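A quick note: this is a predicted structure, and the numbers were derived from the prediction, not measured. Keep in mind that the numbers below use all heavy atoms, side chains included, and drop hydrogens, waters and symmetry copies. Every chain is numbered from 1 and lettered A, B, ... according to where its sequence line falls, protein lines coming before strand lines.
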2 protein chains.
Amino acid sequence: MAAARTIAETEGWSAVTVRRLAAAIGYSQPVLYQHFPRGRPEIIAAVARSGFAQLEELVAGADDPDALAQTARAYLAFAREHAGLYTAMFEMPSLNRFASAQTPPELRRGFDALVAVLGRGPGADTRAELFWSMLHGVAVLERDGRLPAAQREERIAEIARLFS
Amino acid sequence: MAAARTIAETEGWSAVTVRRLAAAIGYSQPVLYQHFPRGRPEIIAAVARSGFAQLEELVAGADDPDALAQTARAYLAFAREHAGLYTAMFEMPSLNRFASAQTPPELRRGFDALVAVLGRGPGADTRAELFWSMLHGVAVLERDGRLPAAQREERIAEIARLFS
DNA sequence: CAGACGAATCTAGCGTTGCTAGGCTGAGGG
DNA sequence: CCCTCAGCCTAGCAACGCTAGATTCGTCTG
């Protein structure tokens, strides 16, 4: 998993081949299929789950008065600094199931932390979902060069203003 | 391109192989490489460009008093009903360049239409970018089952409220 | 201590992928 | 009548995900 994460971060997920992983850890391919019977997709899903746990800590760590902006900043920094990991978590066809009994607890907790930042009241869940969607949209569009990198702080401020 | 779009829409982009496209149009593989020298990525990029044009018309068609909600609804419906196309446009490693001289004019026009919906004033560009990011985030998270489909209309209303 | 067992690992190979080198074919011009 | 050239095809390469079957080696039993 560490090898997969490293290769994905530096060369993208298409460079993460089973052969290459096997070589990286000094074993042959079939050994990987014993630890991950579903093969490559399962390896990717495992890496993604480890990312959810990491992201959750980050989001939950915002206790500032200006929690909204700080959460947004932390989320976007995470997506930018762990682009490969973020891709596996949110953009690749994943074995991880969401909104079901098999949903990894790491993800559920991450969303709960987001809800807490936005406060209670009617429609709080919808607002939290939209806050998350907003961050996700900005994260991927920024990464793909579809939003100008220069106005990054300005965007964060405007996001906080919209949701406050 | 039509064959690629059809296969992608029904079976996903992974089913769009050069061999299969060749068979679908009744030619051999090398013929495809003469029309699209960069191979499969160029075919996908071409399909994506055709999607930008289509999306632009859709977004520009909102002239209601409640333009925000209507634009959001139209955008999300497009993403939902042409999921394969939308993926090629915004989520696949693309040959299309953005924010540069080679940016396809279709995309630029689509964004301008979005700016128009949000009105002028200071920070209008940032607000338009965020509106687009919001829609994109909701589109992909809804599609992946990460947002409950039931509250779709509620989300649209809240988005319009946030940006009004 | 000999032999059987089972886990761990390997080699080798299947079918499919994107892509390309090189040859064939047939219409048009000198 | 032959040459050229555009258009197309067959055949093949390297790399992919994945798997069947053989091999090795420590441990446990008689």
Side-chain angles (χ1 to χ4, degrees), chain A residues 1-51 83-98 102 104 144, chain B residues 1-51 83-98 102 104 144:
Chain A
M1 281 173 58
R5 199 164 148 165
T6 304
I7 297 175
E9 220 62 70
T10 56
E11 304 175 51
W13 280 104
S14 65
V16 180
T17 71
V18 180
R19 279 175 171 81
R20 176 126 179 228
L21 286 178
I25 64 177
Y27 286 92
S28 65
Q29 290 185 70
V31 173
L32 292 183
Y33 285 91
Q34 278 185 337
H35 286 262
F36 301 95
R38 292 185 212 277
R40 200 182 100 113
E42 185 171 355
I43 298 176
I44 298 174
V47 172
R49 268 197 304 277
S50 80
L85 183 59
Y86 191 83
T87 301
M89 291 164 65
F90 293 116
E91 296 182 84
M92 299 182 67
S94 175
L95 257 42
N96 295 323
R97 284 283 145 259
F98 295 88
Q102 292 90 22
D144 296 347
Chain B
M1 281 172 58
R5 198 163 150 167
T6 304
I7 297 174
E9 219 61 71
T10 57
E11 304 174 51
W13 281 103
S14 65
V16 180
T17 71
V18 180
R19 278 175 172 81
R20 176 125 179 229
L21 286 179
I25 64 176
Y27 286 92
S28 65
Q29 291 185 70
V31 173
L32 292 183
Y33 285 91
Q34 281 184 337
H35 286 261
F36 300 95
R38 292 185 211 275
R40 200 182 99 113
E42 186 171 353
I43 297 175
I44 298 174
V47 172
R49 269 197 303 277
S50 80
L85 183 58
Y86 191 84
T87 300
M89 293 164 65
F90 293 116
E91 297 182 85
M92 300 183 68
S94 176
L95 257 42
N96 294 325
R97 283 284 145 259
F98 296 89
Q102 292 89 21
D144 296 347

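Nucleotides of DNA chain C lying under 4.0 Å from heavy atoms of chain B occupy a range whose first and last members, 5' to 3', are dT17(C) to dA21(C).
For the residue pair L85(A) and E9(A), the shortest heavy atom distance occurs at N-OE1, 3.4 Å. Taking every heavy atom of both residues into account, E42(B) and F36(B) meet most closely at OE1-C, 3.4 Å. The two residues W13(B) and A88(B) make their nearest non-hydrogen contact at CZ2-CB, 3.5 Å.
Residue Y27(A) is the one, among Y27(A) and R19(A), whose nearest nucleotide of DNA chain C lies closer to the 5' end (criterion: closest heavy atom). Judged by closest nucleotide on DNA chain D, A15(A) is the one of P30(A) and A15(A) placed further toward the 5' end. Both H35(A) and V18(B) lie near DNA chain C, and the one whose nearest nucleotide falls closer to the 5' end is H35(A). Mapping R20(A) and P37(A) onto DNA chain D via the closest heavy atom, the residue that lands nearer the 5' end is R20(A).
Regarding contacts with the backbone of dC16(D), a side-chain N or O of T17(A) is found under 4.0 angstrom from either OP1 or OP2.
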Between R20(A) and V16(A), does a side-chain contact (heavy atoms from CB on, under 4.5 Å) hold up when you go through it step by step? CA-CA 7 Å; R20(A) 176 126 179 228; V16(A) 180; over 6 Å; no

side-chain contact (heavy atoms from CB on, under 4.5 Å) between F90(B) and D144(A), intermediate numbers included: CA-CA 9 Å; F90(B) 293 116; D144(A) 296 347; over 6 Å; no

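For Y33(A), taking side-chain heavy atoms from C-beta onward, the closest of the listed nucleotides dT10(D), dC8(D), dC18(D) is dC18(D).
With hydrogens and angles ignored, no donor-acceptor pair closer than 3.5 Å exists between the side chain of Q29(B) and the base of dC9(D).
Taking atom CD of Q34(B) as the reference point, atom P of dA6(D) lies 10 Å away to the nearest angstrom. Rounded to an integer number of Å, the gap from L21(A) CG to dC16(D) C1' is 13 Å.
Listed by first and then second residue, the side-chain hydrogen bond (donor to acceptor under 3.5 Å, both in side chains) pairs involving residues 21-32 of chain B amount to none (not counting sequence neighbours).
Using a 4.0 Å heavy-atom cutoff across all strands shown, P41(B) reaches sugar-phosphate atoms only and no base atom.
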